[in-house]
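Below is one structure, written out as structure tokens, with a few remarks after it.
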Protein chains: 2
Amino acid sequence: MTDSNWSVPETAVVDTIRETVVADEPAVLATIVGVEGSAYRQPGAKMVVGADGDGVGSLTAGCLEDEVRTLAGEVLDAGEPRIETFDLTGDDDVWGLGVGCNGVIRMLLEPLDDSLQPALDAAAAGENCAVATVLESDHPAFALGDRLCGREGRFIDTEGWPTALIERLSEPAATLSAAGKADTIDISLEAGSVRVFLDGIAAPPELLVFGTGHDVRPVVELATLADFQVTVVGFRGATATAERFPSADRVISTSPTAVREEIDIDERTYTVVMTHNFVDDRLTLAELTQSATPYIGLMGPTDRFSEMLDAFEAEGQTFDRATLDRVYTPIGIDLGGGAPYQIATSIVSEVLAVHNDRTPQHLSDKDGPIHERLDRDTAGE
Amino acid sequence: MTDSNWSVPETAVVDTIRETVVADEPAVLATIVGVEGSAYRQPGAKMVVGADGDGVGSLTAGCLEDEVRTLAGEVLDAGEPRIETFDLTGDDDVWGLGVGCNGVIRMLLEPLDDSLQPALDAAAAGENCAVATVLESDHPAFALGDRLCGREGRFIDTEGWPTALIERLSEPAATLSAAGKADTIDISLEAGSVRVFLDGIAAPPELLVFGTGHDVRPVVELATLADFQVTVVGFRGATATAERFPSADRVISTSPTAVREEIDIDERTYTVVMTHNFVDDRLTLAELTQSATPYIGLMGPTDRFSEMLDAFEAEGQTFDRATLDRVYTPIGIDLGGGAPYQIATSIVSEVLAVHNDRTPQHLSDKDGPIHERLDRDTAGE
């Protein structure tokens, strides 16, 4: 773990935590468990700090990381979890930096151990998982750091945990793990109350890229960085090799008509069709429109898709609006720029926006106080 | 030059051409000089093919590259430039691939020599440059491949070229080189006519990133891939090092109030402010609003900018709408996703959109025949 790994894709952070646990290396896991006001990262953001003080993952934009490293050393020595609160509201003098995060960040720091492993194994297997960790308790049976892991919405190894607590956590665990979000839940039991941090780690969304042309690699590269699990699908074997797409999670060679048979495609599988072969693209499209994919990005001009629809129509096949709404062609967000990585940026942006249910627009164009302020300031002009 | 370099940023293609010329290695330059109908790349797209047949740069999505490699070998042997036409309209059987590029591509293939060097040197120095190449001529003094180079809108080494021709080319050369576009120009002279391919190679736009936090590296990385010349600006020295930002073009350490004094900022310089330090951000903003930059992306929530405006107002400084319109905060296109590379994707997308004067939206939402078709198909429902 070196300094150069601080900003990495989130999937790489989870992978690193698992590798560290499996290798039984001494390390501390720092997790944001609470945020009040505005902060750079949300609850669930993680950083793992090794015994050498180097870290992977980011909790802030760098303003607290030195502090976290120091604390991590203390936690490693003490061998006990602890919670730290960083108050960044207003008083810039405290940090001497004017960090501008007007928030309070609560952080759980714990010696990394195998209590996390069931969840990490689930994540590695491409499942949604959840980690429930006791933050506070006046219940005699529970202490800070006590932990339950869940995979695909079900808690495992629940021996010794009250049924009422498991029942109270199950539904939010399923929701949070599917969404990749975290929350804090207070539970009152007869013998006392327990505050639990429930951390959902969603399986990364999948991106299938159909095609093996020279323009595919930049898409694979940028989508991997943006936390997609990327599969390249080639149709004639020769160029569909792992060497050609080193950052792809897997490379598959099949035939266009066998796509649904060979590959699981669900509502978390995004698809980009860029074989540059009219027939292959059309056969792939025929398969994808019958799958649950929410996004079919098709490279090529509108006229080409129009020709494709003509060809389908000639075979008696038409599509309803809901199906056509899942087809994005020409592919990508309108950013201009025709160089390979500019096109790839436009494609990956579109997949991200669809995945997160956003309307592509400048964030500054969302109505907010600045515009109101401006209108007020200029009202008298 | 290996196969892994085919899809690279455009700036890397120009760099490779220059390195090959300087090293005097045998190679062939293939340039698209004409497109009819729809094609993957536009005129000016370049690929350099070495004596070993490996290439850098892309002319199509891979459908013609094998053919171009074969032709390059012939051109290298013959030592003469030639023009090839690839007709991809309709008849898919010709290429057996259904490439779906319903266009005709004309390509100039030439043995790479130092006739390009003045333009390449200009590009390396960050200047706009232009290359004028004779494609056809019935004028006795001109033949295919004859070449003139221009930098910053002025042709150099013009000895032997008719003044009328230079005059006819000068204005389009300035326009095309600033825009990074190419065009074909027919010129009638007394002794005959000349068809010239005028290839403008714009200096890459610059991106200044203010800040050295862990979230800066992903922005630098993605912006570099998207063909920006990236400078990281740090304010306290310690973390503003080239080692920390290996893909940055340069790393500068200065103070917020010296920004305009130390760095040239013109209308092709885009700026991202992400020091996470309220005071530094505000002082930087004060400098940038007085510069010609068309884009000031400011990281942080709207409230934070509002506080900044309060602080300016307390000092008696207000901003007009044109100035505030250049400030994009919260920074980025609304793509959702809070992981470091997702945020960086959102930022680089926004800079690209502003640079290319685009409104961020799905390309498929631009009104086109598909939607008309759909409305026609469903009109009777």
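Throughout, a chain's letter reflects where its sequence line sits, starting with A, and its residues are numbered from 1.
For chain B, the option among A/G337, A/G338, A/S346, A/G332 with the highest count of heavy-atom pairs below 4.5 Å is A/G332. The residue among A/I333, A/I331, A/T345 with the most heavy atom pairs within less than 4.5 Å of chain B is A/I333.
Taking NE2 from A/H214 and CE from B/M47, the interatomic distance works out to 7.0 Å, rounded to the nearest 0.5 Å. Interatomic distance, B/E221 CD to A/L222 CG, rounded to the nearest 0.5 Å: 9.5 Å. To the nearest 0.5 Å, atoms CG (B/D334) and CG (A/L352) are separated by 11.0 Å.
Neither the backbone nor the side chain of B/E243 comes within contact range of chain A; no heavy atoms are under 4.5 Å apart. Only the backbone of B/T359 comes within less than 4.5 Å of a heavy atom in chain A; its side chain stays farther off. Of the atoms belonging to B/I343, it is side-chain heavy atoms, and not backbone ones, that fall under 4.5 Å from chain A. Only the side chain of B/V354 comes within less than 4.5 Å of a heavy atom in chain A; its backbone stays farther off.
The shortest distance between side-chain heavy atoms of A/K366 and B/P330 does not fall below 4.5 Å.
Here the closest non-hydrogen pair linking A/S364 and B/Y328 is OG-CD2, 3.6 Å. When all heavy atoms of A/A226 and B/Q342 are compared, the closest pair comes out as O-NE2, 3.0 Å. Closest approach of A/L363 to B/E350, counting heavy atoms only: N-OE2, 4.4 Å.
For the pair A/N356 (side chain) and B/L335 (backbone), a donor-acceptor distance under 3.5 Å is present.
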